[in-house]
Structures are given as C-alpha cells and as structure tokens.
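Order of appearance sets the numbers: ligands from 1, and atoms from 1 within every ligand.
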Amino acid sequence: MDALPIRTLDELRKTPHWSFSSLNTFLNICSLRWAFERVYMAERESTAASLPFGRAFHAAASHFALCKMKGATPIIGELQDAFSEWLKLELSTTEKLRLDDGESFDTLNAQGRTMLLPLVEAWRDSQKVVAVSKAYSVPIMDGNGEQVSELPLIGESDLEVLEGGECVVVDWKTAARRWPDDKAGKDLQPTCLLYAKAKTAHDGRKWLFRFDVITKAKTPSIESHYTIRGKDDFNRLARLVEAVERAVNAEAFMPNEGGYFCSTCSYACACKAWHRKTSRATLSLAA
Ligand code: SF4
C-alpha cells in the first residue's frame with residue numbers, strides 16, 4: 001500500500017493513529033497514563049510547564065531553520081523576542097498550567113532565550129535544509145510486507161538536511177542534563193521517523209537520524225547524537241505495535257510508579273483511585 005496523502009500533523013492527529021509519542025507513553029512511560037489520556041478520556045488535572053515551554057522552543061527553532069532554508073540568518077535578539085512571544089501565548093493558553101517551585105514566565109523565558117544561543121551558534125552552514133516540520137502518515141508493515149495495524153503511523157520531523165552527502169532527519173530535544181552515549185541507539189523515535197522516511201522517500205537513499213540535544217543548564221550546550229535504523233528495527237516496530245494493540249484490546253493498563261514520570265503526570269488523582277474502580281478479572285496464568 002502506498003503512503004497516505006501528506007497533511008499537517010494537527011490534521012493527522014484528528015483520526016485514530018499510532019505515533020512515536022503514543023507508543024513511547026505506552027511502552028516506556030506508563031500504560032495507565034496512556035489509557036487515561038486516550039481510552040478513558042480522563043480530565044487533565046494539571047499540565048507541567050515543560051510542555052508549553054517545549055512548544056515555544058520548537059517554534060523558535062523551526063522559525064530559525066525556515067529562515068536558513070530561505071538563505072536568511074535571523075538576528076539572535078529577534079529570534080529570542082519571538083520565543084518570548086510564543087512562550088507568553090503558550091503559557092496563557094495552556095489549561096490547568098502547573099508551575100513548579102522557581103518556575104515563572106520570567107525564569108522560563110530567561111532559560112529559553114539562553115538555550116537558543118547554542119542552537120544558533122552551532123548551526124552548520126555546510127548542511128542544506130530540505131524540510132522543516134514535515135508530517136508523515138504511513139501504513140505499518142512488518143518485514144513480510146503484511147500490514148499489521150488498521151491505524152497509520154503518523155509523525156513529524158523537526159528538520160531534514162543534506163549534510164556531507166548524507167540525508168539526515170534532525171530532532172531537537174531540550175534536556176535537563178547531557179544524554180548518555182547509548183540513548184540515541186535505543187530510542188524509539190528514530191525508528192518511527194526513519195521507518196516513515198523509508199516508506200515515503202523513493203530515491204533509494206539511506207537516511208540517518210540526529211538528535212540535537214540542548215541542555216537546560218545555567219550555561220546551555222548542544223550535543224549531536226547520530227543513529228541509524230534498518231529493516232530489522234522496522235520489523236521489530238511492527239511487532240511492538242501488534243503487542244501494544246493486544247494489550248489495549250485486553251485493557252491491560254498498569255501504573256508505573258517506579259518510573260521517573262509520575263512527577264509530570266497530569267492524572268495523579270485518577271491514578272490514586274484507579275485500583276478502587278477496577279474489579280477483579282478472571283485470569284488463568286496456567287500454561
Ligand atoms: S501517576 Fe505515575 S503511575 Fe499513575 S498514571 Fe501517572 S505516570 Fe502512571
């Protein structure tokens with residue numbers, strides 16, 4: 001089956017789909033959080049400021065890359081001012097915004113403006129921008145060419161460049177600290193986006209993936225982490241989607257309280273009450 005027609009990510013999100021974000025939440029963050037958001041349609045109790053902050057930062061980074069694509073270089077002060085405006089808008093339109101200790105518009109604004117500096121300074125003019133914020137929707141096929149889900153896989157690349165003869169999908173990440181060396185190789189996002197590239201780019205070229213990670217330190221820095229994926233990774237992605245769909249159909253959603261993610265969860269109260277609303281299922285664990 002050919003790739004579906006390309007629309008914007010916001011349009012693609014309106015119909016049922018799988019995405020990196022959805023799969024990652026289910027597999028690596030918390031399946032119960034996934035269910036509160038996507039099955040039980042629970043009301044959000046709060047939204048951490050990191051979400052609107054990340055959206056504003058991505059808007060500024062995308063604006064910068066679009067200018068570069070057109071051969072222009074925006075003045076850093078103007079880019080920072082644009083970020084401040086996006087941040088103001090994002091914070092004012094985020095429902096049930098939760099500001100943690102020490103967080104305010106001023107502190108977030110100062111942090112974001114400083115984080116734009118390494119992004120701009122480390123920009124390589126040797127790389128040619130070929131796309132910014134490009135959305136994808138592709139069928140999910142296994143290594144035998146069988147479609148494994150009725151839902152498409154959707155996603156968006158932050159940036160696509162030609163760099164030293166290589167085609168590279170780039171994703172900007174803001175992080176509290178530097179990434180360990182093996183993180184990019186294990187991350188599901190390159191698998192999803194490079195799979196989408198493999199299904200849609202018919203020029204036979206191999207694509208690489210690069211995370212540009214900007215730290216939220218007092219003096220932010222940027223580090224690039226390259227990784228690649230191949231057919232076996234794409235087959236594994238298909239099997240993962242199948243396994244997740246089986247778990248969803250069985251309503252096998254569990255809290256993951258041992259992880260790092262409860263402090264940013266928007267469903268903490270619903271989670272506390274979850275076991276009181278769930279009745280005992282009849283299970284057979286016998287072989
Ligand atoms: S509070 Fe923690 S365990 Fe509960 S749903 Fe949220 S992430 Fe999962």
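With waters neither drawn nor counted, the protein N/O/S atoms under 2.8 Å from atom 4 (Fe) of ligand 1 amount to 1.
Taking 4.0 Å as the cut-off between side-chain N and carboxylate O, Glu163 and Arg124 count as a salt-bridged pair. Taking 4.0 Å as the cut-off between side-chain N and carboxylate O, Asp181 and Lys183 do not count as a salt-bridged pair.
Between Trp123 and Phe64, the ring centre distance stays below 6.0 Å.
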From CA spacing to verdict: side-chain contact (heavy atoms from CB on, under 4.5 Å), Val241, Arg236: CA-CA 9 Å; Val241 170; Arg236 187 176 174 89; over 6 Å; no
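The aromatic rings of Trp34 and Phe26 stand perpendicular to each other, their planes meeting at an angle above 60°, with 30° marking the opposite boundary.
We find the CD1-CD distance between Ile154 and Glu11 to be 11.0 Å, quoted to the nearest 0.5 Å.
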